[in-house]
Amino acid sequence: MSEFANPRSNGTPRPPVDPSAVSSYNTSFTLKAGLAQMLKGGVIMDVVNAEQAIIAERAGACAVMALERVPADIRAEGGVARMSDPKLIEEIIDAVSIPVMAKCRIGHFVEAQILEALGVDYIDESEVLTPADQVYHITKHHFKVPFVCGARNLGEALRRISEGAAMIRTKGEAGTGDVTEAVKHIRTINQEIRKAAGMSDEELYVYAKELGVSFHLLKETAKKGRLNVVNFAAGGIATPADAAMCMQLGCDGVFVGSGIFLGHNPEKRAKAIVQAVTHYNDPKVLAEVSTDLGPAMVGRTVESLKQSERLAGRGW
Ligand SMILES: O=C(CO)[C@H](O)[C@H](O)COP(=O)(O)O
């Protein structure tokens, strides 16, 4: 046995690492993360059919998320939630010119392969669907299409980025219409980045171990003072004020799912939320766009949810 052989292998020599493959990983990640930068300052809206997708596009959404049921309905109906029917996704792709995202289950790399073959612009490996794997997330570097993933804290965000996620969204508690968890996750990530930014290398090594992340990625994040990919807010955003609050807390944009098409007057609310994200620092505009929208979705408070009903705990 050579001195470099792995004692646990069957003796077959491991192929040497191909440096060009490593650098193409990096190039492709840079491209995918750059693509996500183009969504900055925008609103991504959940839509369940082509008609809603057209409303979202006309309202100024920067992208749509194609799915069969918005999170509030997934929550209400229960059962196993899976990738949507390709027919629905194709109808939505045909209906709009803005990017179309679609969700696969956590760890379900075959659903991701199918979504990539359908030509979606982004895949969301989402805790809103029932996880397919209790241990592993998808190795997103293996795909050409960019992925967005949810995170509740800096550790989760950096682990997903290491796996190849080109965009992060705070998880919030989807389908509730209650913005508290989104706010908590945004604040947690911000606080943890600030903490890392004040650390020496020795301290960062220990913090990286504590968070379960790569020292180099943590150091890069600390130096930048932000994630190295865009971070959108998601989960429970139901009003223009919710959306503007997430932006003022430092997010690059927002996802709105249940809040638009389960509220009254979806067209007006969709436009109002887009305006609120654009003018998030202008209370006069926020007052104007918040006026006369009709009732927001009824929703549920996060506090009233049983542990088993919480979606944000899925993924690790
Ligand atoms: O899963 C999503 C992002 O990938 C949803 O778009 C978002 O989280 C929806 O949450 P809500 O219905 O509470 O707006």
Side-chain angles (χ1 to χ4, degrees), residues 36 39 42-48 52-53 56 61-77 81-84 92 99-106 111-112 115 120-131 146-152 156-157 160 165-186 230-243 245-246 251-263 266 269-270 273-274 276-277 296-302 305 309-315:
L39 301 174
V43 181
I44 301 168
M45 297 182 193
D46 283 4
V47 297
V48 300
Q52 289 186 356
C62 66
V64 288
M65 175 76 70
L67 73 177
E68 270 166 4
R69 296 179 286 168
V70 291
D73 289 336
I74 292 177
R75 209 176 255 299
E77 288 164 27
R82 309 178 177 89
M83 175 191 85
S84 300
I92 291 173
V100 175
M101 303 184 168
K103 289 183 194 300
C104 69
R105 285 178 264 175
I106 289 176
E111 284 189 349
L115 294 176
V120 301
D121 298 290
Y122 292 80
I123 296 176
D124 183 1
E125 186 182 18
S126 180
E127 71 285 353
V128 167
L129 304 184
T130 311
F147 277 72
V148 53
C149 288
R152 288 166 297 174
E156 267 193 358
R160 297 297 81 78
M167 177 178 186
I168 292 294
R169 55 175 173 77
T170 48
K171 285 180 174 172
E173 195 51 59
T176 58
D178 182 349
V179 78
T180 49
E181 287 296 287
V183 169
K184 183 163 108 190
H185 300 158
I186 298 165
V230 292
N231 181 21
F232 273 44
I237 296 162
T239 68
D242 289 348
M245 184 181 182
C246 295
C251 285
D252 296 311
V254 302
F255 282 86
V256 188
S258 322
I260 291 178
F261 291 101
L262 294 186
R269 185 169 291 273
I273 292 179
V274 170
V277 167
M297 69 177 279
V298 178
R300 292 183 62 183
T301 63
V302 169
L305 299 177
E309 292 178 299
R310 292 182 180 234
L311 306 178
R314 296 167 167 180

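Every number for a ligand or one of its atoms is a count from 1 in the order of the listing.
If you check which protein heavy atom lies closest to atom 4 (O) of ligand 1, you get Asp124 OD2, 2.1 Å. Nearest protein neighbour of atom 14 (O) of ligand 1, counting heavy atoms only, is Gly257 N, 2.7 Å. Protein heavy atom at the shortest distance from atom 6 (O) of ligand 1 is Asp46 OD1, 2.8 Å. Nearest protein heavy-atom neighbour of atom 10 (O) of ligand 1: Ala174 CB, 3.5 Å.
When Glu181, Lys103, Glu173 are checked for heavy-atom proximity to atom 2 (C) of ligand 1, Lys103 turns out nearest.
Heavy atoms of Val256 found under 4.0 angstrom from ligand 1 belong exclusively to the backbone. When non-hydrogen atoms are compared, ligand 1 lies under 4.0 Å from the side chain of Arg169 (C-beta onward) but not from its backbone.
In terms of N/O distances under 3.5 Å, ligand 1 is not approached by Ala234. Between Gly177 and ligand 1, not a single N/O pair is under 3.5 Å apart. Here's the thing with Ser258: one of its N/O atoms is less than 3.5 angstrom from an N/O atom of ligand 1.
Ion pairing of Lys184 with Glu173 is absent here, as no side-chain N (NZ or NE/NH1/NH2) approaches a carboxylate O to less than 4.0 Å. Ion pairing between Lys171 and Glu156 holds under the 4.0 Å rule for side-chain N and carboxylate O.
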